[in-house]
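A quick write-up on the structure given underneath.
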Amino acid sequence: QVQLVESGGGLVQAGGSLRLSCAASGRAFSTYLAGWFRQAPGKEREFVAVINWGSTNTYYADSVKGRFTISRDNAKNTVYLQMNSLRPEDTAVYYCALQRPGARNYDYWGQGTQVTVSS
């Protein structure tokens, strides 16, 4: 029912910045938690960041704290991930996802966007 499309990935140099966007279809976007995940080659998908519907609460993985910022614009049905001070280990496919309040798992996932950080 809900479709997510990520964009903004690309190749950047270590220390650089990149902003990812995730556009969602669906009128109930504002009621969902929105998160970002990533998966590097040969590794399991890992949590990156999450934001609540009112943008009043965020949580980040320790590996990205102080470098990444998650935000959302409910009027545009879009969630963002601003990535600064990028490191080669940030290289991964990044996915956005939505979770209904109280749900055990994220309900909807995007197709992913590749982020590659060169050293």
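The analysis underlying the following values was restricted to heavy atoms, covering all of them including side chains, and did not include hydrogens, waters or symmetry mates.
Between the N52 side chain and the S55 main chain, a donor and an acceptor come within less than 3.5 Å of each other. In terms of modelled atom types and a separation under 3.5 Å, the side chain of Y59 and the main chain of V48 share no donor-acceptor contact. Checking side-chain atoms of T91 against main-chain N and O of V117 turns up a donor-acceptor pair under 3.5 Å. Side-chain atoms of E6 come within 3.5 Å of backbone atoms of Q111 as a donor-acceptor pair (strictly under, hydrogens ignored). Panel note: side chain W53, backbone P101; no donor-acceptor pair is recorded below 3.5 Å.
Between atom OG of residue S7 and atom CG of residue L20 there is a gap of 8.0 Å, rounded to the nearest 0.5 Å.
The salt bridge (Lys or Arg N to Asp or Glu O under 4.0 Å) check on R38 picks up E46, D90, with sequence neighbours excluded. For R87, the salt bridge (Lys or Arg N to Asp or Glu O under 4.0 Å) criterion is met by no residue, not counting sequence neighbours. Under the salt bridge (Lys or Arg N to Asp or Glu O under 4.0 Å) criterion, K65 pairs with D62, sequence neighbours left out. Under the side-chain hydrogen bond (donor to acceptor under 3.5 Å, both in side chains) criterion, Q82 pairs with N84, not counting sequence neighbours.
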key: Derivation of the side chain to side chain contact (heavy atoms under 4.5 Å, CB included) call for V79 and I70   = CA-CA 7 Å; V79 60; I70 187 171; 4.0 Å; yes
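The two residues N105 and Q99 make their nearest non-hydrogen contact at O-CG, 3.5 Å. For the pair S119 and A14, the tightest heavy-atom approach, listed with the atom from each and the gap, is CA-CB, 4.2 Å. Between A24 and L98, the shortest heavy-atom contact is CB-CD1, 4.4 Å.
Annotation: ring-ring contact (aromatic ring centres under 6.0 Å, His included) contacts involving residues 84-119, sequence neighbours excluded, comprise Y32-Y108, F37-Y106, F37-W109, Y106-W109. Applying the disulfide bond (SG atoms under 2.5 Å apart) test to pairs two or more places apart or on separate chains, those with a residue in residues 32-116 are C22-C96.
Side-chain contact between I51 and L33 is absent, with no heavy atoms from C-beta onward closer than 4.5 Å.
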